[in-house]
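Presented below is the structure to which this report refers.
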Amino acid sequence: KNEVEQSPQNLTAQEGEFITINCSYSVGISALHWLQQHPGGGIVSLFMLSSGKKKHGRLIATINIQEKHSSLHITASHPRDSAVYICAVTKSQGNLIFGKGTKLSVKP
Amino acid sequence: NAGVTQTPKFQVLKTGQSMTLQCAQDMNHNSMYWYRQDPGMGLRLIYYSASEGTTDKGEVPNGYNVSRLNKREFSLRLESAAPSQTSVYFCASRGTGQKAFFGQGTRLTVV
């Protein structure tokens, strides 16, 4: 069983919809990361969080440490949000362990 | 700031050839990483370096060697490339308790 599981694997939404991507993990962590990978391949870190909630523009990330679960929300989705969203966790030694990613496609 | 600079962007090798992927960061980060990304799989750690002068194996180290030349640079070497090493490679760096920064990736094909 993977230490980091994401759902769904693929997600298609209409422009303007509210989107939720989920991440569950099975190991002790010091932090959880949400990353974005656009077609063309570059990876950008969106959030790093160890408790509570963070917001940046239309993106919101939450984490529940007791449940070992995190969600990434996108409000008022736009075609430019189309990308692969990757959840990763940092274990005590500092290495990142990645989920397989959620491919999001937002249709105009 | 350039962030993490990774070269080359693309490379085609013949089986048995060798090559070195270069990575440099200008953020004074202690930790640097090499990952590979294959279809249907998450990024997998090849090697990492927690500080200058130290390196450790990750999940998939076989067929690779690394060198942490100084705090800025962390190179990945394929001594004898195999088709199974066809992948997209990412270098990353991270400061203590900070988010990770990634290079643009190297798309390597071994024929």
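Chain A is the first sequence line, chain B the second, and so forth, proteins listed ahead of strands; every chain is numbered from 1. No hydrogens, no waters, no symmetry mates; every other heavy atom, side chains included, goes into these values.
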Inset, instruction - Indicate yes or no: does E5(A) engage K100(A) in a salt bridge with an N to O separation below 4.0 Å. - result: no
Checking heavy atoms, do the side chain of [X], its backbone, both or neither come under 4.5 Å from chain A?
{"X": "L45(B)", "result": "side chain"}
{"X": "R94(B)", "result": "side chain"}
{"X": "F101(B)", "result": "neither"}
{"X": "Q98(B)", "result": "backbone"}

Inset, instruction - Quick one: sort the F18(A) and H73(A) rings into parallel, tilted or perpendicular, breaks at 30° and 60°. - result: parallel
Inset, instruction - Among the options G42(A), G99(A), S45(A), pick out the one with the most heavy-atom pairs lying under 4.5 Å from chain B. - result: S45(A)
Legend entry - Heavy-atom side-chain contact between Y85(A) and L35(A) under 4.5 Å: no
Legend entry - I74(A) with I60(A), same ILVMFWY side-chain cluster at under 4.5 Å: no
Legend entry - Test side-chain hydrogen bond (donor to acceptor under 3.5 Å, both in side chains) applied to Q6(A) - qualifying residues, sequence neighbours left out: T102(A)
Legend entry - Residues which pass side-chain contact (heavy atoms from CB on, under 4.5 Å) with S67(B), listed by chain and number, not counting sequence neighbours: L69(B), S75(B)
Inset, instruction - Output the option from R107(B), Q37(B), E59(B) having the highest count of non-hydrogen pairs under 4.5 Å with chain A. - result: Q37(B)
Inset, instruction - Could you tell me which portion of I86(A) (side chain, backbone, both or neither) has an atom closer than 4.5 angstrom to a non-hydrogen atom of chain B? - result: side chain
